[in-house]
Amino acid sequence: MKWRDIPRHSDVFAVSTLVEETGFFSTEERQVAAELVEETLARGSASGYEFVFVDAPDKAERLLAYACFGPIPATLSSYDLYWIAVIPSQQGSGLGGKLLREVERRAHATGGTQMYLDT
């Protein structure tokens, strides 16, 4: 698996597809997930969103999982985990847990002490 944190233009479609394939999210939620990638591509770090992408190790580099997180404005060290999704064929494999630990590690490395999740 290939791990990366810089979104690519192809991730707009890949994230939308991945979120749809999980079967857990509505059409509106799928659109929001793709829009956050677009906003980050347009604004960079000023968007306030950070990503971790996990790609298949093949030539197609199919997106297997991703997470979107970021610091909560007006707090000293709190982060929100906005999105975390794993393709159905990898669910139950431990990839989601590894992805969550990587998000936590990255937030902690930049001073994060609390992570909030809404479901």
Side-chain angles (χ1 to χ4, degrees):
M1 289 182 228
K2 297 179 182 178
W3 294 70
R4 62 185 169 85
D5 56 5
I6 298 179
R8 301 184 287 221
H9 290 281
S10 61
D11 289 322
V12 175
F13 178 75
V15 162
S16 177
T17 301
L18 171 67
V19 169
E20 180 179 25
E21 288 177 353
T22 68
F24 296 123
F25 303 101
S26 69
T27 299
E28 293 80 15
E29 289 169 323
R30 189 177 81 228
Q31 291 169 344
V32 169
E35 288 170 3
L36 297 183
V37 176
E38 289 175 327
E39 184 171 346
T40 302
L41 289 167
R43 298 183 58 216
S45 62
S47 70
Y49 301 113
E50 299 177 40
F51 290 89
V52 178
F53 298 96
V54 183
D55 296 319
D58 57 19
K59 289 183 181 180
E61 293 190 355
R62 177 171 162 75
L63 186 62
L64 300 177
Y66 95 104
C68 174
F69 64 104
I72 300 173
T75 68
L76 295 177
S77 61
S78 297
Y79 276 71
D80 270 326
L81 176 61
Y82 299 109
W83 290 92
I84 187 167
V86 177
I87 64 168
S89 65
Q90 292 292 313
Q91 291 173 6
S93 71
L95 180 56
K98 290 177 187 173
L99 181 56
L100 179 58
R101 285 187 294 281
E102 181 62 16
V103 166
E104 291 170 337
R105 185 193 70 75
R106 290 175 186 223
H108 182 70
T110 58
T113 60
Q114 298 179 41
M115 179 81 61
Y116 294 91
L117 312 118
D118 289 320
T119 61

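Throughout, numbering of the chain's residues begins at 1 and tracks the sequence. The basis for the numbers below is simple: all heavy atoms, side chains too, and nothing from hydrogens, waters or symmetry mates.
- Panel note: side chain Gln90, backbone Ile87; no donor-acceptor pair is recorded below 3.5 Å.
- Rounded to the nearest 0.5 Å, atoms OG (Ser89) and CG (Leu95) are 9.5 Å apart.
- Rounding to the nearest 0.5 Å places NZ of Lys98 at 15.0 Å from CZ of Arg105.
- A distance-only check finds a donor-acceptor pair linking the side chain of Arg4 to the backbone of Ile6 [under 3.5 Å].
- Closest approach of Leu18 and Ala65 over heavy atoms only: CD2-CA, 3.9 Å.
- For Gln91 (side chain) and Val86 (main-chain N/O), a donor-acceptor pair under 3.5 Å exists by modelled atom type.
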Test Phe24 against Glu29 for side chain to side chain contact (heavy atoms under 4.5 Å, CB included), laying out the working first.
CA-CA 10 Å; Phe24 296 123; Glu29 289 169 323; over 6 Å; no

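- Annotation: the span from Lys2 atom NZ to Asp58 atom CG amounts to 8.0 Å, rounded to 0.5 Å.
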If you apply the rule side chain to side chain contact (heavy atoms under 4.5 Å, CB included), what do you find for Phe25 with Val32, and how did you get there?
CA-CA 10 Å; Phe25 303 101; Val32 169; over 6 Å; no

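- Residues Phe13 and Leu64 do not share a hydrophobic cluster, clusters being chains of Ile/Leu/Val/Met/Phe/Trp/Tyr side chains in contact below 4.5 Å.
- Taking each heavy atom of Met115 and Ala107 in turn, the nearest pair found is CE-CB, 3.8 Å.
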Between Arg106 and Glu102, does the salt bridge (Lys or Arg N to Asp or Glu O under 4.0 Å) criterion hold? Intermediate values first, please.
CA-CA 6 Å; Arg106 290 175 186 223; Glu102 181 62 16; 2.6 Å; yes

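- Between Ile84 and Phe69, every side-chain heavy-atom pair lies at or beyond the 4.5 Å cut-off.
- The main-chain N or O of Gly97 is found under 3.5 Å from a side-chain atom of Arg101 such that the two form a donor-acceptor pair.
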Going through the checks in order, is the side chain to side chain contact (heavy atoms under 4.5 Å, CB included) test met by Tyr79 and Val103?
CA-CA 10 Å; Tyr79 276 71; Val103 166; over 6 Å; no

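- Here the closest non-hydrogen pair linking Ser77 and Gly111 is CB-O, 3.1 Å.
- The CZ atom of Arg8 sits 13.0 Å away from atom CZ of Phe51, with the distance rounded to the nearest 0.5 Å.
- Thr40 places a side-chain N or O within donor-acceptor distance of the main-chain N or O of Leu36, the cut-off being under 3.5 Å.
- Taking CG from Leu81 and CG from Leu100, the interatomic distance works out to 6.5 Å, rounded to the nearest 0.5 Å.
- Side-chain contact between Val54 and Trp3 is present, with at least one heavy-atom pair separated by less than 4.5 Å.
- Across every non-hydrogen atom of Val37 and Pro7, the tightest pair is CG1-CB, 4.1 Å.
- Of all the heavy atoms in Tyr82 and Gly70, the pair that sits closest is CE1-N, 3.6 Å.
- Residues passing the side chain to side chain donor-acceptor pair (under 3.5 Å) test with Arg43, sequence neighbours excluded: Glu39.
- Between the SG atom of Cys68 and the CG atom of Asp11 there is a distance of 11.5 Å, given to the nearest 0.5 Å.
- For the pair Val19 and Ala33, the tightest heavy-atom approach, listed with the atom from each and the gap, is CG2-CB, 4.0 Å.
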